[in-house]
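In what follows, every heavy atom counts, from backbone to side chain, and hydrogens, waters and symmetry copies are set aside.
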Amino acid sequence: MSENHILIIALSNHPVLGPLLIPYFAKPVSTDVISVEEQATHAGDDMELSDMEKRAIAIAQSYSEKNLMQVYSRQRTVAAFLNSIAPDLLKKQLRPFIDKKIREMVRLMRANHLPVYFKEPGVKQLYGHDRIRFSEKEAEISFRFEITDHSFRYTAISRMDGEEIPLLKKRRFMLLSSRPAIFLLDDRLLAFKRIEASKVIPFQTRKYVEVPLADAEKYLEMVVLPLIGDYPSESSGFDIIREVRTCVPELSVERSINDEPALQLRFRYGDRYFSPGKKCEFTYPRLEKMDGKPVIYYFTRDPRLEQTYISLLEQWNFKQITDTQFVRAAESGGYTFIDWLQRHKTELESCFSFIKTDTSLSFYLGEVSLTQEIASSPDWFDIRIMVRMGDYQFPFIRFRKHIQEGKREFVLPDGQVALLPEDWFEKYSDLFAFGDDRTEEIRVRKMHLGIVSVLEQDDTLSKEYVQKESVAVPPKIKATLRPYQQEGFSWLVHLAANGFGGCLADDMGLGKTLQTITLLQHIYDPEEPVEVTLPEAEPANITIDSGGQLSFFGMDLPDEKKKEKEETLLPASLIVVPTSLLPNWKREIRKFSTLSVYTYTGDQKRREPWKSFNRYNIVLVTYGLLRRDIELLEKYRFTYVILDESQNIKNPASMTYHSVVRLQCEHRLVLTGTPIENSLKDLWAQFNFINPGLLGSADGFRKYFIQPITKEGNEKAAKRLQEIIRPFFLRRTKQQVAPELPPLTEELVFCEMTPEQREVYQKEKNALRNTILQERNKNAFVALNGITRLRQLANHPRMVMPDYTGSSGKIEQVLDAFETLVSEGHKVLIFSSFVTHLDLLAKAFTERDWPYAMLTGSTVDREREITRFSTRPDVSAFFISLKAGGVGLNLTDADYVFIIDPWWNPAAELQAEGRAHRIGQDKQVFVYRFITADTIEEKIRNLQESKSELAETFITENDPLKSLTDREWEDLL
């Protein structure tokens, strides 16, 4: 807007539409005179308007002739539209809309002091006497009622800014809005808060409204009672009396619109009830007669106090769902807030009045208390729990069905409904799942002490059975155990003493083998050796005949000595290992103990080999031979059956699992650095081996643990599982127990493809993409094959295309990195999940005259390759396939690890790292992961980071393929 122009609001009387407030641009002529230039319908190019002025123009445009025509008519010209407006359309549609916008304009005018003038049609010059006065505050109105000997009459008195404004019609009157009333009276604009114009207009032409005395009662009912509810009133000839009624907030428990329990709030004032959410008047009058004379009584509600009570419920996290009903916010389920009521009933009763209505739900809101006694026997816990609810007491067994079915309502003998505490369903579900009912007790097997310890709310039971004092290391152990190894050995001893199996799951390289050998040395070390006197001429060669009898070259021992020897001999212990770890176990047993060891090769199969087992403390067997000869091996009862790398039995449907569970023994132990390799179900198979029945059936485990934890992210189910397995599960990480280990540094190395490799990869990816996307749900094998092919192309196209003559960006970068490291005197472990990848790399090494060692599934003499790498200074590279050498190797000579083709499962990579970063390593270890940029390898790495959530005790699904969304599949390819 130019400096010489101002925006004014003009009040004009439209010949058809009635009074309107129209913005104009005006130019000051003198101190008291302005010249109206043009109607303001928009901001011109040379005009700068404030937001308030723009808003005023927009409001006026909403009731412009053109806009009203477009909304309320199909006429094509404004003139035709104005001529077609019928009185009914104007009264019922047009004017109510205009009135609403007029009220909005008046609020804008009052808040911003906009200049307002009365303007006749065609007038250009406006003077000071045309200026309309109005106040920032709303106009006020009051009434005076009077009964005389002959009539009833009443009058209205208006005020603005405290000044009384006579309502009698004078020179100028114009009604701008009816509800509430806004009108022009001479030069004053009166805007009332809520009075209707119809109640004020009669006083424009007369000072009083008067009727005969006979009509007084009718007017008291129709006029006086509605008016005194909202406006100050005076009376003469009859009384208007205000009653004092206290606001009483009443709560009851009712059925909500969702058929769930809810709090119902009402405000009681004497004998009247009001809903907190219902908008209504706050003054309530009534007409009575006293001594033949009319009397008006009234009381007022206290809106501030009512809002205080509503706010109090809101502070307690209740939300209002109807006019009267409140439920706990941000909680699902019908009874979540009933729990809160039980805990906070005293607080509520201090502020609200609890009542029982005809529709109230009969909930027991008293205290629910529980007492328990736990008696221990060698094989069982007998648990007696009693529940008290008011005057009633019940054995806890009574609630088995409720807890197992998740049913919270329990009907008391008096018909009240008690809600079982929500934490019972988490805390006691396992007790009923794994316990047996007695008359008033629940019997739980000792191996479920983790469940029982939860009931005690502490770890005393677990400590009592599995965390006793330290056990002395057998003197024949030729090693000094580290503190955590001493602790692990003691833990194993106490598990055995109490008849429990265990899972030792220490991090790779922390000495699980040594702790196990120490346990067996402890088991087989006799406290008092048997002394046998032999004939001087005969050599002391003890044998065991086919019946297990001791003799010296056929000569029986003395009966008493023979019996004593038989009592002290323990059956052999069986250690089941992967083929690759057999030499390592033999070497470690001989290095650290005096235990005798026998390697079962299967050659003695037809000669009943178990007859030879008693000559030895330890029998070593591979998983493969165990599966083949299980019908022979299951006939011998071993002292211990120990499974190394026990993830080999992770599949409960496999022959390996079914073979190991057929073995007879006194004690069971599993050793693993990765108790869960692929999914949570791996845990069930291993724990069902060491303590059969600990986790229930496989189907039950899937229903109560796998599904809630892996699919729903249920933290409570995860915590329950941890409590059950905790007494039998020991895992320590390198960071926890071996701070003296040198640091481990990890780095991602992104490799660029060569141009010819990129061309081959892109072409193949485009060809495979649609096939993989279409087959991923129908045929997972086809999809996996396609992804594997892309992985191989990202490494080196020659892995799938023998005729490819180009090079590979990744192999070139691996060779460059190795050349630098070997020149500095480092040794490197190079891991791949593809043997063909290692073969290609080995060929490149040969071409450069770089010696190397290699360990794959087809390696015949593993020990020779390991020794070659460890002892020869010129052999600086060790090629290892993840499957053949990811576990069980101690290769601390190396201080660099290359992982040249990563896959989904980070557990396998962690195992590979552990070959070098383990006890005995005195150098900093560096791990390089080589990723081919802009390929599926980079996408896999991102998925690995976002989808694999490793936990300290157990892991959820590590194979993202099973849980990828359609969008993630597309991003992957």
Shortest non-hydrogen contact between [X] and [Y], atoms and distance:
X: Ala40; Y: Leu7; result: CB-CD1, 3.7 Å
X: Thr205; Y: Leu168; result: C-CD2, 3.8 Å
X: Ser236; Y: Arg144; result: CB-NH2, 3.8 Å
X: Cys351; Y: Pro249; result: O-CG, 3.6 Å

Basic-acidic side-chain contact under 4.0 Å: [X], [Y]:
X: Glu37; Y: Lys124; result: no
X: Asp187; Y: Arg133; result: yes
X: Glu138; Y: Arg159; result: no
X: Lys101; Y: Glu104; result: yes
X: Arg153; Y: Glu146; result: yes
X: Glu250; Y: Arg266; result: yes

Quick one: pull up [atom1] in [X] and [atom2] in [Y] and give me the separation to the nearest 0.5 Å.
X: Ile165; Y: Met160; atom1: CD1; atom2: CE; value: 5.5 Å
X: Leu313; Y: Leu348; atom1: CG; atom2: CG; value: 7.0 Å
X: Ser142; Y: Leu227; atom1: OG; atom2: CG; value: 11.0 Å
X: Ile57; Y: Arg55; atom1: CD1; atom2: CZ; value: 11.5 Å
X: Gln61; Y: Leu68; atom1: CD; atom2: CG; value: 10.5 Å
X: Ser178; Y: Ile102; atom1: OG; atom2: CD1; value: 11.5 Å

Fill in: ring pair (Phe, Tyr, Trp, His ring centres under 6.0 Å) assessment of Phe152 paired with Tyr208
CA-CA 10 Å; Phe152 165 79; Tyr208 290 99; over 10 Å; no
Using only atom types and a distance under 3.5 Å, with no angle test, would you say the side chain of [X] pairs donor to acceptor with the backbone of [Y]?
X: Asp130; Y: Tyr127; answer: yes
X: Ser12; Y: Lys119; answer: yes
X: Gln325; Y: Arg255; answer: yes
X: Asp323; Y: Ser275; answer: no
X: Gln307; Y: Arg304; answer: no
X: Gln75; Y: Thr77; answer: no
X: Asn83; Y: Ala79; answer: yes
X: Asp215; Y: Lys218; answer: no
X: Tyr117; Y: Gly128; answer: no
X: Tyr63; Y: Leu21; answer: yes

So do [Y] and [X] actually touch side chain to side chain, heavy atoms under 4.5 Å?
X: Ile241; Y: Ile296; result: no
X: Arg301; Y: Glu306; result: yes
X: Ser158; Y: Phe203; result: no
X: Leu190; Y: Leu184; result: no
X: Glu243; Y: Arg286; result: yes
X: Pro276; Y: Ile310; result: yes
X: Val295; Y: Lys289; result: no
X: Tyr309; Y: Phe352; result: yes

Worksheet entry | Residue pair Ile240, Tyr298: steps toward the side-chain contact (heavy atoms from CB on, under 4.5 Å) verdict | CA-CA 8 Å; Ile240 299 177; Tyr298 75 96; 3.7 Å; yes
Test item: side-chain donor near acceptor, [X] and [Y], under 3.5 Å:
X: Glu254; Y: Ser252; result: yes
X: Ser177; Y: Arg103; result: yes
X: Ser135; Y: Asp161; result: yes
X: Tyr284; Y: Arg245; result: no

Do other residues, nucleotides or ligands put more than 12 heavy atoms under 6.0 Å from the [atom1] atom of [X]?
X: Met222; atom1: CE; result: no
X: Arg268; atom1: CZ; result: yes
X: Tyr72; atom1: OH; result: yes
X: His129; atom1: NE2; result: yes
X: Glu140; atom1: CD; result: no

Quick one: is the NZ or CZ of [X] closer than 6.0 Å to the six-membered ring centre of [Y], and within 45° of its axis?
X: Arg194; Y: Tyr231; value: yes
X: Lys319; Y: Phe326; value: no
X: Arg172; Y: Phe118; value: yes
X: Arg110; Y: Phe134; value: no

Worksheet item: Should the pair Phe274 and Tyr269 be assigned to parallel (<30°), tilted (30 to 60°) or perpendicular (>60°) ring geometry?
Response: perpendicular
Discussion item. In terms of relative ring orientation, are Phe183 and Phe173 parallel, tilted or perpendicular, with 30° and 60° separating the classes?
Written reply: tilted
Worksheet item: Taking it one step at a time, do Phe238 and Leu220 satisfy side-chain contact (heavy atoms from CB on, under 4.5 Å)?
Response: CA-CA 11 Å; Phe238 70 101; Leu220 288 174; 3.9 Å; yes
Worksheet item: Out of Ile22, Leu114, Leu126, which one pairs with Ile8 under the side chain to side chain contact (heavy atoms under 4.5 Å, CB included) rule?
Response: Leu126
Fill in: Residue pair Ser151, Glu210: steps toward the side-chain hydrogen bond (donor to acceptor under 3.5 Å, both in side chains) verdict
CA-CA 7 Å; Ser151 66; Glu210 188 171 10; 2.7 Å; yes
